[in-house]
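Comments concern the structure below.
Start at 1 and go down the list; that is how both ligands and their atoms are numbered. On a predicted model such as this, the values are computed, not experimentally measured, just so you know.
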Amino acid sequence: MPDALPCRGLHCGRFVLELDRPRVMGVINVTPDSFSDGGAFEDPARAVERARQMIADGADLIDVGGESTRPGAPPVAVEVELRRVLPVVQALARDGVPVSVDTRKVEVMRAALAEGAALVNDVEALADPAARALLARSDAAVCLVHMRGNPATMQAEPHYSDVVADVAHYLLDRAGECEAAGIAAERIVIDPGIGFGKTVEHNVALLRALPRLVAGGYPVMVGVSRKSTIGHITGRPQGERLAGSLGGALAAVAQGALFIRVHDVRETVDALRVFRAFRSQVADTPN
Ligand code: HH2
């Protein structure tokens, strides 16, 4: 567990992201089948163009993924994932943008880090000791995401004795393993993994209890953008979940999240600006 609470900055490659305000991670899925933007950015040139627009709109970092992890998604071969993500990571890193690679595969992590990725976003939370060793040798940050099972099966009757305690223990244990492997606390983010092997009730319970995760001392990331929990609460189909996603982002930040992973950067940045402007100074700490 880190010494100083709350965390003051995330060290990711050549960048330090100060955490005096919540940070927005823009999502780019270079895939044919992602649950909300699948097929839109399969062409690397379009993906780079979209990412540059996200940066212009106020994104603090860009998360590039080449394998959908939506419920029921089939795994993707290493070579396919590399072909999808590397050109995008390379172009954005050359632009001087903090780039994150969303992957479960150590081979993809290694190649993306070599191209200048500043963060590895792993829905398996660096379960692979080789991945922990790789990150320890790098100066990149890592986002440890909680997932129960794997994307192909994770939504088959998810069950927890106490979802908040289970997820918190899992993430803090894994963060401790990462520190033991040589990844400094200033390079670690944790994420409860909304939708990863969880019912709507589990997701809501985790978001309500976010301060318990925040109390662990690592910056917390939340990704609710366009997800089915938003659809469930609002009754809206995919494509009509922007307002619900903004509500979810603001609620997460009010509960202490310091990273928000979103598809709609411009709208989220505006919503956060107004949210922070209208909050009292006292309420504004530590965000
Ligand atoms: N959600 C998704 C993927 N990666 N990473 C983090 N840290 N947190 C999340 O909540 C999270 C994530 C799923 O969303 P998306 O990437 O848009 O879809 P797909 O997995 O279908 O590509």
Enumerate the atoms of ligand 1 whose separation from the nearest heavy atom of D191 is less than 4.0 angstrom.
-> 6 (C), 7 (N), 8 (N), 9 (C)
Could you tell me whether some N/O pair between K227 and ligand 1 is separated by less than 3.5 angstrom?
-> yes
Distance filter under 4.0 Å to S68 heavy atoms, resulting ligand 1 atoms = 19 (P), 20 (O), 21 (O), 22 (O)
Would you say T103 and V85 make side-chain contact, with heavy atoms under 4.5 Å?
-> no
Taking only heavy atoms of M221, which atoms of ligand 1 are found under 4.0 Å from at least one of them?
-> 7 (N)
Any N or O on F35 sitting closer than 3.5 Å to an N or O of ligand 1?
-> yes
Taking ILVMFWY side chains as joined if any heavy atoms are under 4.5 angstrom apart, and letting links pass through other members, which residues group with L246?
-> L242
Any donor and acceptor pair, going by atom type alone, linking the side chain of R70 with main-chain N or O of S34 inside 3.5 Å?
-> no
Counting each atom of ligand 1 from 1 as listed, which ones have a heavy atom of N29 under 4.0 Å away?
-> 15 (P), 16 (O), 17 (O), 18 (O), 22 (O)
Please determine if D102 has a nitrogen or oxygen closer than 3.5 Å to a nitrogen or oxygen of ligand 1.
-> yes
Looking only at protein heavy atoms, which one is nearest to atom 16 (O) of ligand 1, and how far off is it?
-> R261 NH2, 2.8 Å
Taking only non-hydrogen atoms of T69 and a 4.0 Å limit, the atoms of ligand 1 in range are 3 (C), 19 (P), 20 (O), 21 (O)
Basic-acidic side-chain contact under 4.0 Å: D264, R241 | no
Under 4.0 Å from one or more heavy atoms of G223, ligand 1 contributes atoms 10 (O)
Is V145 near ligand 1, meaning one of its heavy atoms is under 4.0 Å from it?
-> yes
Go through ligand 1 atom by atom and flag the ones less than 4.0 Å from a non-hydrogen atom of R70.
-> 20 (O), 21 (O)
Which atom pair, heavy atoms only, marks the closest approach of S245 to I230?
-> N-CG2, 3.8 Å
Atom 17 (O) of ligand 1 has as its nearest protein heavy atom H263 NE2, 2.7 Å
Pairs in or reaching into residues 239-267: which pass ring-ring contact (aromatic ring centres under 6.0 Å, His included), with residues at least two apart or in two chains?
-> F35-H263
Does some side-chain heavy atom of R174 sit less than 4.5 Å from a side-chain heavy atom of H146?
-> no
Does R84 come within less than 4.0 Å of E81, counting only side-chain N to carboxylate O?
-> no
Decide whether an N or O pair under 3.5 Å exists between S34 and ligand 1.
-> yes
Determine whether any heavy atom of C143 lies closer than 4.0 Å to an atom of ligand 1.
-> yes
Any sub-3.5 Å donor-acceptor pair from R187's side-chain atoms to L135's backbone N or O?
-> yes
Atom 5 (N) of ligand 1 has as its nearest protein heavy atom N121 ND2, 3.0 Å
Just by distance, with hydrogens left out, do T229 and H232 show a side-chain donor and acceptor under 3.5 Å apart?
-> no
